[in-house]
Amino acid sequence: MNKITVIGTGSVGSTIAYTLATSGIASEIVMIDINGEKALGEAMDIRQGTPFCNTPCTVYAGDYPDAVDSNIVVITSGIARKPGQTRLELAQTNVDILKSITPQIMEHAPNAIYVIVSNPVDVMTYAFCKFSGLPEERVIGSGTILDTARLRSRLSEQYTVSQHNVHAYVLGEHGDSSFVPWSVANISNVPIEDFRESVLHNGQNPPDLDREELEEYVRKSGGVVIKQKGATFYAVSMSVCHLCKCLLNSVDTTLTVSTMMHGEYGIEDCCLSVLCIVGNTGAHSKVLLNLNHDEMEKLQHSANCLKEVINNIKF
């Protein structure tokens, strides 16, 4: 049995719980929220559809004691980002909320792997590492897995190939200082710079690679969706559920998640996204990509942006 607790039943938390149930990732889902009525309603709505799921699943609203024996705890609590607001502007308010939650959930689920989704996710992951005292491999921020999915989705559209054939990453902050290490990006093992030329003999004519446009698309996508529909929750929920599935698997997977840095790429005491190996013990290793000088500078710049925020927060 795989038990997952979701803390926060707003749009993101509830959609994560729904996706966990319909995908068969969890056999037991506990939904916790300061607004108990909201949690009850969301859990009931999901539970009443579970007879149509391929895998039996129990979904219910509860409180922190109900999180006992959870394999994974997903934290989505916090104030949502408003139109025009940056993720980092949310920092102090959401860190304060996280600080109040941490001792309550740690008392009942000290052995779980914790997935932090609340924004600004890198700062929140850092804060939870400090508040919880857990082994750092068991504290994982969703980081740039969504940004990476946005990038691969866009490249897939432009080159008319499956997303599974696109191997490219977004590293750094889940926010404005993120970047794409193009030197390691490829489509079916063809360097991405060469892919357009390699398919011309088939009569196709994909567009030139516009790095700036693609990176701008990735960075601004969340804001665009918020402006158009008020919130983002489908894609982030799908990405978090994929992370949960990888954490429950016996086979390791590489993902761009946010974890504590200890000298990798010259970065210390900061959480941000690099390529990590994720498995049923958590994010237990980092894969050090052969970044060029410019990409190293961008990653270190992203870390410095986050440290500036961290240094101005009261923990």
Side-chain angles (χ1 to χ4, degrees), residues 2 15-16 18-20 22-26 54-55 72 115 117 140-172 174 178-211 213-219 221-222 225 232-259 273-280 283-291 295:
N2 294 322
T15 309
I16 288 172
Y18 168 80
T19 309
L20 288 170
T22 56
S23 62
I25 294 170
N54 291 328
T55 305
I72 298 171
V115 174
V117 184
I140 305 167
S142 55
T144 60
I145 52 174
L146 174 56
D147 308 76
T148 295
R150 285 169 171 161
L151 173 66
R152 293 182 179 185
S153 155
R154 184 70 159 181
L155 287 167
S156 168
E157 291 171 3
Q158 288 197 356
Y159 290 104
T160 323
V161 294
S162 167
Q163 295 96 327
H164 295 288
N165 298 135
V166 180
H167 304 283
Y169 307 101
V170 177
L171 303 184
H174 176 51
S178 67
F179 74 100
V180 179
W182 292 106
S183 68
V184 298
N186 71 81
I187 299 175
S188 298
N189 287 328
V190 178
I192 202 156
E193 297 281 4
D194 302 331
F195 189 78
R196 181 178 185 275
E197 183 178 343
S198 74
V199 298
L200 283 178
H201 66 276
N202 289 328
Q204 298 182 33
N205 189 28
D208 289 327
L209 182 70
D210 188 336
R211 295 182 179 188
E213 186 276 332
L214 285 162
E215 293 198 44
E216 186 75 2
Y217 172 84
V218 170
R219 280 193 289 264
S221 285
V225 173
T232 63
F233 44 88
Y234 292 130
V236 66
S237 300
M238 293 165 73
S239 64
V240 169
C241 289
H242 178 74
L243 171 56
C244 289
K245 182 175 70 173
C246 293
L247 289 168
L248 295 169
N249 281 346
S250 57
V251 178
D252 289 343
T253 305
T254 56
L255 295 170
T256 54
V257 290
S258 185
T259 57
S273 289
V274 295
L275 194 61
C276 295
I277 300 177
V278 173
N280 56 21
H284 59 78
S285 303
K286 293 180 174 66
V287 180
L288 298 183
L289 298 171
N290 187 22
L291 303 180
E295 291 161 353

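Quick caveat, the model's predicted, so the values are computed rather than measured.
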**OP:** Please round to the nearest 0.5 Å and tell me the distance separating atom CG of Leu214 and atom CD of Gln158.
**Re:** 5.0 Å

Original post:
If you look at every heavy atom in Cys246 and Thr253, which pair is closest and at what distance?
Top reply: SG-OG1, 3.7 Å

Subject >> Salt-bridge present (Glu193, Arg211; N to O < 4.0 Å) >> reply: yes

**OP:** Would you name the heavy atoms of Ser178 and Val170 that are closest together and state the gap between them?
**Re:** CB-CG1, 3.7 Å

**OP:** Taking the side chain as every heavy atom from C-beta outward, state whether Tyr159 and Leu209 have any atom pair closer than 4.5 Å.
**Re:** yes

**OP:** Go through Asn2 and Ile25 one step at a time and tell me if the side-chain contact (heavy atoms from CB on, under 4.5 Å) criterion holds.
**Re:** CA-CA 7 Å; Asn2 294 322; Ile25 294 170; 5.9 Å; no

Original post:
If you look at every heavy atom in Val161 and Phe195, which pair is closest and at what distance?
Top reply: CG1-CZ, 4.0 Å

Original post:
So do the side chains of Glu295 and Leu289 get within less than 4.5 Å of each other, counting heavy atoms only?
Top reply: no

**OP:** Can you see which heavy atom on Pro181 is nearest to which on Leu291, and at what distance?
**Re:** CB-CD2, 3.7 Å

**OP:** Indicate yes or no: at least one non-hydrogen side-chain atom of His284 is less than 4.5 angstrom from one of Asp252.
**Re:** yes

**OP:** First locate atom CD1 of Ile145, then atom NE2 of His174, and finally report the distance between them rounded to the nearest 0.5 Å.
**Re:** 9.0 Å

Original post:
Heavy-atom count around Tyr18 OH within 6.0 Å, excluding the residue itself: above 12?
Top reply: no

Original post:
Short question: side chain of Arg152, backbone of Ala168 - any donor-acceptor pair under 3.5 Å?
Top reply: yes

Original post:
Got a sec, which residues hit side-chain hydrogen bond (donor to acceptor under 3.5 Å, both in side chains) with Thr256, two or more places apart in sequence or on another chain?
Top reply: Thr144, Thr148

Original post:
Taking Arg150 for the side chain and Tyr217 for the main chain, is one N or O donor matched with an acceptor at less than 3.5 Å?
Top reply: no

Original post:
To the nearest 0.5 Å, what is the distance between CD1 (Ile187) and OG (Ser162)?
Top reply: 11.0 Å

Original post:
Is it the case that more than 12 heavy atoms not belonging to Lys286 sit under 6.0 Å from its NZ atom?
Top reply: yes

Original post:
Atom CG in Leu275, atom OG in Ser285: separation rounded to 0.5 Å?
Top reply: 11.0 Å

Subject >> Test log, rule side-chain contact (heavy atoms from CB on, under 4.5 Å), inputs Glu216 and Glu213 >> reply: CA-CA 5 Å; Glu216 186 75 2; Glu213 186 276 332; 5.7 Å; no

Subject >> Ile140 CD1 to Cys276 SG distance, which is reported to the nearest 0.5 Å >> reply: 8.0 Å

**OP:** Please name the pair of heavy atoms, one in Asn186 and one in Ser188, separated by the smallest distance, quoted to 0.1 Å.
**Re:** OD1-N, 3.7 Å

Original post:
For the atom pair CG (Asn165) and CG (Asn189), what is the distance rounded to the nearest 0.5 Å?
Top reply: 10.0 Å

Subject >> Backbone N/O of Ser142 and side chain of Ser258: donor-acceptor pair under 3.5 Å >> reply: no

**OP:** Give the minimum heavy-atom separation between Val257 and Gly141, together with the two atoms involved.
**Re:** CB-O, 3.4 Å

